[in-house]
Every structure is written in C-alpha cells, then in structure tokens.
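Worksheet: one structure, shown below.
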2 protein chains.
Amino acid sequence: MSGQSHRKFESMDAPADAPRSIGDLAVATGTKAETIRWYERVGLLPAPARQGRGNYRTYGKEHLDRLSFLRRARDLGFNLEQVRALLDLADQKDQDCAAVSVIARAHLDAIERKLADLTVLREELRRVVGQCQHGRIDECRIIEALAPGMKEARQSGRRSARRG
Amino acid sequence: MSGQSHRKFESMDAPADAPRSIGDLAVATGTKAETIRWYERVGLLPAPARQGRGNYRTYGKEHLDRLSFLRRARDLGFNLEQVRALLDLADQKDQDCAAVSVIARAHLDAIERKLADLTVLREELRRVVGQCQHGRIDECRIIEALAPGMKEARQSGRRSARRG
DNA sequence: CTTGACCTTGTAGTTACTACAGGGCGTATC
DNA sequence: GATACGCCCTGTAGTAACTACAAGGTCAAG
Ligand SMILES: [Zn+2]
Ligand SMILES: [Zn+2]
Ligand SMILES: [Zn+2]
Ligand SMILES: [Zn+2]
C-alpha cells in the first residue's frame, strides 16, 4: 500500500498510525502535497512536527484523520468556511449537533438552488442550440439569440440573475 | 428611461444610437461600469472615443450591441474565452456557422455534465443529512459520514472527481 | 560522486469580476 | 465664490481554492 524503498518514515512493522511524510499523506488522501501545505498555511491543518534532519514535516494519525474529513467534506461540495466550522464542531463531542445539521442543510439548499438554475439554463441552451440550421453565420439562430436588437428584438425583456 | 438633468451626452431628440456615457451603458446592459472598463482592458470591448472635456468614454450603438451580446452569452453561462470566440465569429457574417454550433454544444455538454454531478451530490447529501437524529455531536451521523475510519470505515472506497 | 526522488520556501497565476483609494470634472445650490 | 454632489478617471488589491513553478536542500542507491 504505502511506499517502500527509500521513503523516510517507513517503519518495518507499520502500525498504521506511524509517522508519515507529506507525500505519504498526499497519496493516502488523494491530495497534492502543495495543497496540504496550503491547508496548513490557512490554518485548516495543524502544523506537524519536523523530525528528520531535513526539516521535513512528520504527520501522525490525527493529521490523516483531519485531512480525510476535510477532503470528504470538500468532495461533498462544502466550501472551506463550512469545512472549518464542521471541523471545529467535530471536536466538541459533547455538544448538540444542531449546528452541524444547519450547515449541512444550508449546503444542500444551495445545491438545490444551483440545480434549479442549471436546469433552466439547460433548457434555454437546448432551445437555442436546437434552432441552428447550419448555414451562414448571419443567418445563424444561435448568434441571433445572443444578439437581441442587433437586427430586431425577438424576446421579451427577461433578465436572469447570475451569481447572486 | 435614461438620465435627465446634468448627464453628459444627453441629446434633446435622443436618436437611440446617440453617444452614451459609461453609466448609461451600464444601466442599459445591467453591467457595472467597472466591469465595462475591465472588458475593455482585456480586449472584449473596443476602446471607445473620449470626447468630453473630462476624458470620459463615449460609447455608440456598436458598443451597446457588442456588450449586450457579451452579457447575454455570459447569462447563458459561456465563459469569456467562449464569448470571445463567439464575438469573433459573429463578425464573420459570410462564414459557415459550424464553429458557433460547436462552441454552443460544448457548453451545453458541460452543463449537462455539471447537472449530472450535482444530482449525484444532492442524493448523497440528502442521505447524509437525513440520517442526523439531532443528538450529541459524537453520535451525529453527518459527522460520521465525513470521518471515514475515525471510528470505523463504513463506506466502500468511492472517490469523486472534483474539477477535472 | 552523481543521480534521482523527495522535501523545503516563496511567489505568481488561474476566473470573472468587485471594491476601493485618490483624484478630476460639471452642474446646482447657498 | 464656495461648496456639495454625482459622475467619471486610473490603478491596485482582493475574492475561492488551489496549482504551478523556481531555486534549492536532503537522503538513499548505484
Ligand atoms: Zn477526493
Ligand atoms: Zn447556426
Ligand atoms: Zn444579465
Ligand atoms: Zn446530527
């Protein structure tokens, strides 16, 4: 599973929570080393010890767990502000989980709004794309649909929202 | 419709293609003045004449048309690289519109992929959110779902794509 | 001793804008 | 005339979440 040969923190019995290099952690979590360092810089991962002669970062199981949590939350589309809040909450084990639920539901709502927006957009685009008859550009319905009033305004004054 | 009183390029008969200030163009297209200047800087809008004493930009109908086209394309989700290509194509009136169609279809495909991804995400999030029983955080199913292996690995090794 | 994989730091680039800061111009009002 | 107000100008920096170098240090193997 993990690297052999000349990897730094390779212990022979490999107790699964043995110290890891940043490269090991990267492989284990599917995260680039640069991203892991960046998470550290912005305070999402605690700075690990530096043990080797070469000032290398040395990670333990707590880092692996925290980074795995972070990445899974990112995969679910939570932004880093939300992830930060979730990580903080996950540490307060005896608190009520209401705040967790609030964050997750807010994110779900946002996704549903985005889905609704995209669905509208898809229909509009399908209509536009479907009208192209593949002729000259000055007769192309796609271009016409984008140029309201360049020949004649064909559509009523609709106006979509764009990020807001 | 447009400004009265002390607006700069206000003509009394207002022939609809009269020169406009950047503010007029902003109102007419629902674009902030800063954004219009930025489109100029990155070459999406031609630099207009500067006629007034105050070095102010003076726009004509061609700018209004081009900016309207641009904004409508943006509202449909085309990115600026695509908009740039579409604007270039729209000027070549006697060419075949195949390239236009290619761009539009590629964008539609991208939207459909995004929709598919988001739909999967929504289902996953709904499942996660729906399992929270509102108790203590160390029993919360949302936190558990985010922390694979922190107690026990519950899910099989799936891995989503994220921007790629 | 050299090679090569790995690590370190720091900086700049990506997308499509948005938000100032600091100042000029033109009209209206006191 | 002085002041206020609204619009315009340039230029810089910030946003989200990384990614891509550049320039160099360390370590084990051949
Ligand atoms: Zn992932
Ligand atoms: Zn066509
Ligand atoms: Zn719009
Ligand atoms: Zn819960």
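Since we're looking at a predicted model, the values are computed, not measured. In the text below, chain A, chain B and the rest are named by the order of the sequence lines, each starting its count at 1.
- Residue side chain A:Glu34 reaches the base of D:dC21 through a donor-acceptor N/O pair under 3.5 Å, judged by distance alone.
- The CG atom of A:Leu67 sits 14 Å away from the C1' atom of D:dC18 (whole-angstrom rounding).
- Applying the 4.0 Å criterion to OP1 and OP2 of C:dT9, one finds that A:Arg50 has a side-chain N or O inside that range.
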Check: residues 88-98 of chain B side-chain donor-acceptor pairs under 3.5 Å, at least two apart:
{"residue": "B:Lys93", "atom": "NZ", "partner": "B:Ala90", "partner atom": "O", "Å": "3.4"}
{"residue": "B:Asp96", "atom": "OD1", "partner": "B:Ala98", "partner atom": "N", "Å": "2.7"}

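- Regarding A:Glu40, its CD atom lies at a distance of 11 Å from the P atom of C:dG10, rounded to whole Å.
- Between A:Asn79 atom CG and D:dT15 atom P the separation is 14 Å, expressed in whole Å.
- Salt-bridge check for B:Arg136 with B:Glu144: failed, with every basic side-chain N at 4.0 Å or more from each acidic carboxylate O.
- The CZ atom of B:Arg74 sits 9 Å away from the C1' atom of C:dC17 (whole-angstrom rounding).
- Atom CZ of A:Arg20 and atom C1' of C:dC6 are 17 Å apart (whole Å).
- Each end of the helix from C:dC1-D:dG30 to C:dC30-D:dG1 yields a helix axis from five base pairs, and these two axes differ in direction by 30° (to the nearest 10 degrees).
- Salt bridge annotation for A:Asp117-A:Arg113: absent, with no cationic side-chain nitrogen under 4.0 angstrom from a carboxylate oxygen.
- Taking only side-chain atoms of A:Tyr39, from C-beta outward, the nucleotide of D:dT10, C:dC7, D:dC18 with the closest atom is D:dC18.
- In this structure, B:Thr35 reaches the C:dT18 phosphate: one of its side-chain N or O atoms is under 4.0 Å from OP1 or OP2.
- A donor-acceptor pair is defined here as one N or O able to donate and one able to accept, closer than 3.5 Å; such a pair exists between the side chain of B:His63 and the backbone of B:Gly60.
- Here the C1' atom of nucleotide C:dC7 and the CH2 atom of A:Trp38 are 21 Å apart, to the nearest Å.
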Are A:Arg126 and B:Glu112 close enough, and set up right, to give a salt bridge (Lys or Arg N to Asp or Glu O under 4.0 Å), and what steps lead you there?
CA-CA 10 Å; A:Arg126 275 185 177 164; B:Glu112 281 172 346; 2.7 Å; yes
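- Each of B:Leu70 and A:Asn55 was matched to the nucleotide of DNA chain C holding its nearest heavy atom; the match closer to the 5' end belongs to A:Asn55.
- Residue contacts shown for A:Arg41 are absent, as no nucleic acid heavy atom lies under 4.0 Å away.
- Remark: the B:Tyr56 side chain and the C:dG26 base include no donor-acceptor N/O pair separated by less than 3.5 Å.
- For the side-chain contact (heavy atoms from CB on, under 4.5 Å) with A:Tyr39, the qualifying choice from A:Arg66, A:Arg71, A:Glu34 is A:Arg71, the only one to do so.
- Interatomic distance, CD of B:Glu62 versus CG of B:Leu67, reported as 12.0 Å (0.5 Å rounding).
- Minimum atom distance to the side chain of A:Ser21 is reached by C:dC7, of the listed C:dT8, D:dC9, C:dC7.
- Per the geometry, CZ belonging to A:Arg37 stands 13 Å off P belonging to D:dA20, to the nearest Å.
- Spacing between atom CD1 of A:Ile22 and atom C1' of D:dT19 amounts to 14 Å, rounded to whole angstrom units.
- Distance from the side chain of A:Arg57 is smallest for C:dT8 among the nucleotides D:dC18, C:dC17, C:dT8.
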